[in-house]
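Okay, structure first, notes after.
Each chain gets a letter, A, B and so on, in the order its sequence line appears, and its residues count up from 1.
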Amino acid sequence: MPELPEVETVRRILHPVIVGQAIQGITLGTFPEVIGSTMEGLDPVALLIGQSFTDTSRRGKYLILHLDNGLYLIVHLRMTGRLLLVPWIDPPVRFQYVAIHLGNGLDLRFGDQRKFGRLTLSTPDDVTQLDRRLGPEPFASSLNASTLRDVLAKRPGKIKNALLDQGVIAGLGNIYVDEALYRARIHPERSSNTLALDELKRVLRAVRLVLNQSLARQGTTFSSFENPYGEQGTNASFLRAYGRASAGGLCLRCGAPMERIVVGGRGTTFCPRCQVNRIP
DNA sequence: CAATCAACCTGGGTGC
DNA sequence: TGCACCCAGGTTGATT
């Protein structure tokens, strides 16, 4: 479940190791479709070999690796994707589908138990379109309670669904939306367009807090997330909402039993006493 | 246009 | 012990 903090954790580790490195070769596994290109008829593997990584960036949950021919390798981990740094000579990791051999003797390996993640060789225009399609970054100064209210004004749907929509804010997933709404004391099924400015301020502050805290702990490992060195994030034990209903967990604020419902097809944990679905 | 939902996968868990 | 079934969730695309 890599969301913004997990993807950014991966990026920060990869950056100093891969930038400046040339791609000496690429070995594909049993699922070669995992790597593709937006340029019709062009083989992404052939185009990648010989290129060097010049920079890394991130937009929402997309990891963008910059190449010196002006193209980009865009990686999305989806749910169970992993990027690992290991020596060339190491045996394949579990569910490994791509090994990018770097000049420094390391491999950048991509593995994915569920085959949802993708590596896509992309043009500058693709990156521009991605940027346009996504909402603001959670930490963008252009994002505030007032601009959020404007975006949500025409959305009568549930606030949880709006926050999961990458076109509203980029980078949030199920875990951090539940955490943020819990901290902001907003019911996940509250109609987006009924939130008052001070409530949106609480939401935004909570979003930024939970993302920052998770970033400081190298992300949340609930089941499968690992950084490129195979290390787990340590944020899971600090979660206050996500996953706490199934264990009969109590609200850490008021002691009421946490509740689990389904919102937009996703498991949702909240405190029925602190997060009341009512317009103030 | 917005909301909803199936589809994509597979390991792990549950119930019988 | 085995087996059928369900669940987890990010994104896309079809449908309502």
Side-chain donor-acceptor contact under 3.5 Å, A:Thr128 with A:Arg132: no

Side-chain N or O of A:Lys154 closer than 4.0 Å to phosphate OP1/OP2 of B:dA2: no

Here the distance between atom C1' of C:dG10 and atom CG of A:Asp112, to the nearest Å, is 11 Å

How would you label the contact of A:Asn161 with the nucleic acid (heavy atoms, under 4.0 Å): base, sugar-phosphate, or nothing? sugar-phosphate

Looking only at C:dT11, B:dC8, B:dA3, the nucleotide nearest the A:Lys61 side chain is C:dT11

Rounded distance in Å - NZ (A:Lys160) to P (B:dA3): 16 Å

How would you label the contact of A:Phe31 with the nucleic acid (heavy atoms, under 4.0 Å): base, sugar-phosphate, or nothing? nothing

Within the structure shown, what part of the strands sits under 4.0 Å from A:Gly157 by heavy-atom distance: base, sugar-phosphate, or nothing? sugar-phosphate

Look at the side chain of A:Pro156 and decide which nucleotide, out of B:dA2, B:dT10, C:dG10, has an atom nearest to it. B:dA2

Looking at A:Lys115 and A:Glu33, is there a salt bridge between them, counting it only when a charged N and a carboxylate O are closer than 4.0 Å? no

Mind calculating the distance between CD1 (A:Ile74) and P (C:dT12) to the nearest angstrom? 11 Å

A:Phe95 has its side chain closest, among B:dG11, B:dA3, C:dG10, to B:dG11

Aro-ring/base stack A:Phe116-C:dT11, d under 5.5 Å, angle under 30°: no

Between the side chains of A:Thr56 and A:His15, is a donor N or O closer than 3.5 angstrom to an acceptor N or O? yes

Would you indicate what A:Arg118 reaches in the nucleic acid, counting non-hydrogen atoms under 4.0 angstrom: base, sugar-phosphate, or nothing? nothing

How long is the line joining CG of A:Leu63 and P of C:dT11, in whole Å? 13 Å

Rounded to the Å, how far apart are A:Leu119 CG and C:dG10 P? 19 Å

Carboxylate-amine/guanidinium contact A:Arg59 A:Glu137, below 4.0 Å: yes

What's the OH-P distance between A:Tyr176 and C:dG10, to the nearest Å? 11 Å

Starting from P on B:dA2, measure out to CG on A:Leu152 and report it in whole angstrom. 12 Å

Between A:Arg266 and A:Val262, the residue closer to the 5' end of DNA chain C by nearest nucleotide is A:Val262

Can you tell me how far P in C:dC3 sits from the matching atom in B:dC9, rounded to whole Å? 25 Å

Sidechain-backbone polar pair: A:Lys61 side chain, A:Arg78 backbone, donor-acceptor under 3.5 Å: no

Of all the nucleotides listed (C:dT12, B:dA2, B:dA3), which has the minimum atom distance to the side chain of A:Arg133? C:dT12

Give the rounded distance in Å between these two atoms: NZ of A:Lys115 and P of B:dA7. 19 Å

Using a 4.0 Å heavy-atom cut-off across all strands, classify A:Gly117 as base, sugar-phosphate, or nothing. nothing

Ignoring backbone atoms, establish whether A:Gln166 has a side-chain N or O less than 4.0 Å from OP1 or OP2 of C:dT11. yes

Distance test, side-chain N/O of A:His76 to OP1/OP2 of C:dT11, below 4.0 Å: yes

With respect to the side chain of A:Arg155, which nucleotide from C:dT11, B:dA3, C:dG10 is positioned closest? B:dA3

Which comes earlier along DNA chain B counting from the 5' end, the contact point of A:Arg94 or that of A:Met79, where each point is its nearest nucleotide? A:Met79

So, applying ring pair (Phe, Tyr, Trp, His ring centres under 6.0 Å) with A:His76, which one of A:Phe110, A:Phe116, A:Tyr62 is it? A:Tyr62

